[in-house]
Amino acid sequence: MALYNDIVMEHFLNPKNVGDMENPDGTGVYGSPVCGDMMQIQIKVENDVITDAKFKTFGCGSAIASSSMATSMIIGKTVEEALEITNKQIIDELGGLPPVKVHCSVLADRAIKNAIYDYAQKNGKTYAALEGYDPNADDDEDEHGAVEE
């Protein structure tokens, strides 16, 4: 039985939205000290809508696939809609991840939130979903209850 499904393999072998963005409106970086994976997501925002997103990931196939899917999911969404995306939704869009790789979707979730947090800080914006949010928090469990392996 294969470890990864076709959707995960497609996003790993042909990732969408890879690279650096010139003059991003927000940049979010998040890494896991447990597995060593590191993700950076950059966003462009116009009229409170994310018009573009790029990522760079140092990590395994699941981390790359999660980053690719996460950036694809947020493009075209309002900032508030993007803030509502959970790691479980990323996993569902990927058609599932092996249990030991669930933490990769948490990294993508956190990198999105960190990019939006950076955008909000630079532009004096506030969003209810970011109230009390700490982009530097390094917990073993995120706000959605997903435990990093």
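Scope of the values below: all heavy atoms of this structure, side chains included, with no hydrogens, waters or symmetry mates.
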Close side-chain approach of His103 and Asn87, heavy atoms under 4.5 Å
no

Can you run down the salt bridge (charged side-chain N to carboxylate O under 4.0 Å, His left out) pairs that involve residues 3-17, sequence neighbours left out, and say none if there aren't any?
Glu10-Lys16

Between Glu84 (side chain only) and Glu81 (backbone N and O only), is there a donor and an acceptor less than 3.5 Å apart?
no

Of all residues at least two apart in sequence or in a different chain, which pass the salt bridge (Lys or Arg N to Asp or Glu O under 4.0 Å) check with Lys56?
Asp20

How far apart are the C-alpha atoms of Ser62 and Tyr4, what are their side-chain angles, what is the distance that settles it, and do they pass the side-chain contact (heavy atoms from CB on, under 4.5 Å) test?
CA-CA 8 Å; Ser62 292; Tyr4 298 115; 2.9 Å; yes

Pair Val79-Val45, side-chain contact (heavy atoms from CB on, under 4.5 Å): steps then yes or no:
CA-CA 8 Å; Val79 170; Val45 181; 4.0 Å; yes

Nearest-0.5 Å distance that lies between atom CD in Glu46 and atom CG in Asp25
8.0 Å

Residue set satisfying side chain to side chain contact (heavy atoms under 4.5 Å, CB included) with Ala70, at least two apart, ordered chain then number -> Ile90, Ala108, Ile112

Same apolar cluster: Met21 and Ile74, side chain cutoff 4.5 Å
no

Apply side chain to side chain contact (heavy atoms under 4.5 Å, CB included) to Pro15 and list each qualifying residue two or more places apart in sequence or on a separate chain.
Val18, Phe55, Ile64, Ser68

Check the hydrophobic clustering (I, L, V, M, F, W, Y; side-chain heavy atoms under 4.5 Å; chains of links allowed) and say if Val49 and Ile43 are grouped together.
no

Return each pair, listed once, that meets salt bridge (charged side-chain N to carboxylate O under 4.0 Å, His left out) where at least one residue sits in residues 128-137; pairs must be two or more places apart or across chains.
none

Hey, could you give me the CE/CD distance between Met73 and Gln89, rounded to the nearest 0.5 Å?
5.5 Å

Evaluate the side-chain proximity of Val8 to Lys101: yes if any heavy-atom separation is below 4.5 Å, no if none is.
no

What distance separates Thr57 OG1 from Asp37 CG, expressed to the nearest 0.5 Å?
8.0 Å

Applying side-chain contact (heavy atoms from CB on, under 4.5 Å) to Ser66 and Leu107, what does each step give before you reach the verdict?
CA-CA 8 Å; Ser66 292; Leu107 297 179; over 6 Å; no

Indicate yes or no for a side-chain donor-acceptor contact from Gln42 to the backbone of Pro24 under 3.5 Å, with no hydrogens or angles considered.
no

Tell me, please, which residues at least two apart from Asn17 pass side chain to side chain donor-acceptor pair (under 3.5 Å).
Thr71, Ser72

Can you give the donor-acceptor pairs under 3.5 Å from side chains of residues 120-127 to other protein atoms, not counting sequence neighbours?
| residue | atom | partner | partner atom | Å |
| --- | --- | --- | --- | --- |
| Lys122 | NZ | Asp118 | OD2 | 3.1 |
| Asn123 | ND2 | Tyr119 | O | 2.8 |
| Tyr127 | OH | Asp48 | OD1 | 2.7 |

Keeping the roles fixed (side chain from Asn5, backbone from Leu94), state whether a donor-acceptor pair exists under 3.5 Å.
yes

Partner set under side chain to side chain contact (heavy atoms under 4.5 Å, CB included) for Leu13, not counting sequence neighbours:
Met9

Could you tell me whether the side chains of Tyr133 and Arg110 share a donor-acceptor contact shorter than 3.5 Å?
yes

Backbone of Gln40 reached by a side-chain donor or acceptor of Lys54 within 3.5 Å
no

Taking side chain to side chain contact (heavy atoms under 4.5 Å, CB included) as the definition, give me every residue that meets it alongside Ala111, ordered by chain and number, with sequence neighbours left out.
Tyr30, Met39, Ile41

Using a cut-off of 6.0 Å, state whether more than 12 heavy atoms not belonging to Lys44 lie near its atom NZ.
yes

Using a 4.5 Å side-chain heavy-atom cut-off and chaining through intermediate ILVMFWY residues, the residues clustered with Met38 come out as Val29, Phe58

Under the rule for side chain to side chain donor-acceptor pair (under 3.5 Å), what residues qualify as partners of Lys77, not counting sequence neighbours?
none

